[in-house]
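Okay, so here's the structure we're looking at.
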2 protein chains.
Amino acid sequence: MPKVGMEPVRRKALVDAAMRVIGDHGSLTVTMSEIAKQAGVSPALAHHYFGSKEQLLIETVRVHLQRLRDSVVTALRAATTPREKLSAVIRVSFQADQFAPETIAAWLAFYAEAQRSEETRRFLVIYARRLHSNLVANLKALCPAEDAGRIAEGAAAMIDGLYIRQSLKSAPISTEASIALTEGYLTTHLNALKG
Amino acid sequence: MPKVGMEPVRRKALVDAAMRVIGDHGSLTVTMSEIAKQAGVSPALAHHYFGSKEQLLIETVRVHLQRLRDSVVTALRAATTPREKLSAVIRVSFQADQFAPETIAAWLAFYAEAQRSEETRRFLVIYARRLHSNLVANLKALCPAEDAGRIAEGAAAMIDGLYIRQSLKSAPISTEASIALTEGYLTTHLNALKG
DNA sequence: TATTTTTGATTGACTGATCAATCAATAAAA
DNA sequence: TTTTATTGATTGATCAGTCAATCAAAAATA
């Protein structure tokens, strides 16, 4: 069994397992045992590689935000006009894997954790800022700069809010409807400025 | 000390203490001891009156949503026109005590808890539905029914989203700015329909 | 009115379970 | 032989929940 170079493999397996367990459980009060079991290793190994449960959770946030970022970058590259880039950002926010109930539950848990863990909070703040600046950058090509900031705030809030409402799983709003609401927000506000 | 009729007094003290401790802690992983201490009683007494920690937490959500509801009802009574009533709903959502960091942290924790506790989820769903129907009822007086539902979804999402973004405490959006964004959403979308 | 009984309020001390974290030991590669 | 991977067993701390005992007010009784 013991081969060399297992570290990156185990780290990835554990981080993925953590996300899955947290998503299923809908909470960060999951045990290292559960995570380790899901990853197919012993709890002791999880501690060996991550030092503590907190570190594993922080790493889990970091990795998943990084992946989300990669999706955004790819989608932005594929889009050409500013308006298309705005749509790309929105589309990625609501893409299937992100909008799955377990994923939403996990993000919600991380937002709650950010109240206690400075490092978790930092990552989420960075993500929020990046979303905002992506929106602003492209909005500036379509409206005055002073309006761009405001509209970006609104759009970002709407995206986050649609996640929250989705998390309650009552009257679930479809992906398409969520995208349509956010697109509608942008379009209507941009049109209003053109008068 | 032991007087008769303490039950309602203690229950209220414990529910208030729970909200405070959860808000400060930013999480539901608080101990009965902390809550009891904050309420000035022994942990055993908290168990005596609520049976379990879970019951106390559920009761805490229930009571605080009830208070929020009372605020909304009062604000709606004070408003006369549909447009004023819409503004009243928005204003209450962002009123000082609701928008305080500890309160936001507590709500966030409860939303996360709703992933696990069916009863907590039920209360939050009821609140979400009520917000939605308050919005729809008044929007219907200002635009076609088929648009009212959509606009209400958007406004509700924006309100929730502004809370989430507030919870990160970075680039905090002021109460006034939050109200302005939500009002702007309604106004702009209603105007767009009038063409 | 004085005395006894009952009842509600309250807690300290305890229990059992859970879990993060540690560590010494093993096994297989290099 | 040294290094890396891996785990079983264990520890120590934390907590929810229980329980028997106490205390004082209220109600009943004499």
Side-chain angles (χ1 to χ4, degrees), chain A residues 1-61 109-110 112-113 115-120, chain B residues 1-22 24-61 109-110 112-113 116-120:
Chain A
M1 259 191 256
K3 262 194 248 178
V4 113
M6 292 306 286
E7 178 157 354
V9 177
R10 295 306 189 201
R11 289 186 91 98
K12 182 176 183 313
L14 283 163
V15 159
D16 288 345
M19 192 70 171
R20 224 171 312 132
V21 171
I22 291 165
D24 288 345
H25 217 269
S27 155
L28 290 195
T29 60
V30 295
T31 65
M32 286 296 259
S33 299
E34 267 177 288
I35 297 172
K37 191 176 188 181
Q38 178 72 219
V41 299
S42 75
L45 194 66
H47 274 97
H48 174 65
Y49 284 125
F50 288 94
S52 72
K53 182 183 172 184
E54 181 161 25
Q55 256 337 100
L56 169 53
L57 296 183
I58 287 171
E59 193 59 12
T60 303
V61 179
F110 284 128
E113 174 69 3
Q115 300 293 319
R116 313 210 279 107
S117 159
E118 182 54 38
E119 212 157 348
T120 300
Chain B
M1 258 191 255
K3 266 194 244 175
V4 113
M6 293 306 287
E7 177 156 356
V9 176
R10 295 307 189 203
R11 292 186 89 98
K12 180 175 184 312
L14 284 163
V15 159
D16 288 345
M19 192 69 172
R20 226 171 311 133
V21 171
I22 291 165
D24 288 344
H25 218 268
S27 154
L28 289 195
T29 60
V30 294
T31 64
M32 286 297 257
S33 299
E34 267 177 288
I35 297 173
K37 191 177 187 179
Q38 178 72 217
V41 298
S42 74
L45 194 66
H47 275 99
H48 173 65
Y49 284 126
F50 288 94
S52 72
K53 181 182 173 185
E54 180 161 25
Q55 258 333 105
L56 169 53
L57 296 183
I58 288 170
E59 193 59 12
T60 302
V61 179
F110 285 128
E113 175 69 3
R116 314 208 280 108
S117 158
E118 182 54 39
E119 213 157 349
T120 300

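Just so we're on the same page: letters track the sequence lines, and every chain starts at 1.
Under 4.0 angstrom from either OP1 or OP2 of C:dG8 there lies no side-chain N or O belonging to B:Arg10.
Contact check of residues 16-25 of chain A against DNA chain C (heavy atom, cut-off under 4.0 Å) returns no residues at all. Residues of residues 30-57 of chain B that place a heavy atom closer than 4.0 Å to DNA chain D, in numerical order, are B:Val30, B:Thr31, B:Met32, B:Ala44, B:His47, B:Ser52, B:Lys53.
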What donor-acceptor contacts under 3.5 angstrom involve side-chain atoms of residues 21-30 of chain A, with partners at least two apart or in another chain?
unit_1: A:Ser27; atom_1: OG; unit_2: A:Thr29; atom_2: N; d: 2.9
unit_1: A:Ser27; atom_1: OG; unit_2: A:Thr29; atom_2: OG1; d: 2.7

Which atom pairs, one a donor and one an acceptor, fall under 3.5 Å between side chains of residues 8-15 of chain B and the rest of the protein, sequence neighbours left out?
unit_1: B:Arg11; atom_1: NH1; unit_2: B:Glu7; atom_2: OE2; d: 3.1
unit_1: B:Arg11; atom_1: NH1; unit_2: B:Tyr49; atom_2: O; d: 3.1
unit_1: B:Lys12; atom_1: NZ; unit_2: B:Asp16; atom_2: OD2; d: 2.8

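The distance between atom CZ of A:Arg11 and atom P of D:dT6, rounded to the nearest whole Å, is 13 Å. Separating the CE atom of A:Met6 from the P atom of C:dA27 is a distance of 18 Å, rounded to the nearest angstrom.
Residues meeting the side-chain hydrogen bond (donor to acceptor under 3.5 Å, both in side chains) test with B:Ser52, sequence neighbours left out: none. Judged as a salt bridge (Lys or Arg N to Asp or Glu O under 4.0 Å), and not counting sequence neighbours, B:Glu34 has no contacts.
The nearest pair of heavy atoms linking B:Phe110 to B:Leu57 is CE2-O, 4.0 Å.
With rounding to the nearest 0.5 angstrom, the OG1 atom of B:Thr60 is 11.0 Å from the NZ atom of B:Lys53.
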Using side chain to side chain contact (heavy atoms under 4.5 Å, CB included), reason through A:Glu113 and A:Ile58 one step at a time and then give a plain yes or no.
CA-CA 10 Å; A:Glu113 174 69 3; A:Ile58 287 171; over 6 Å; no
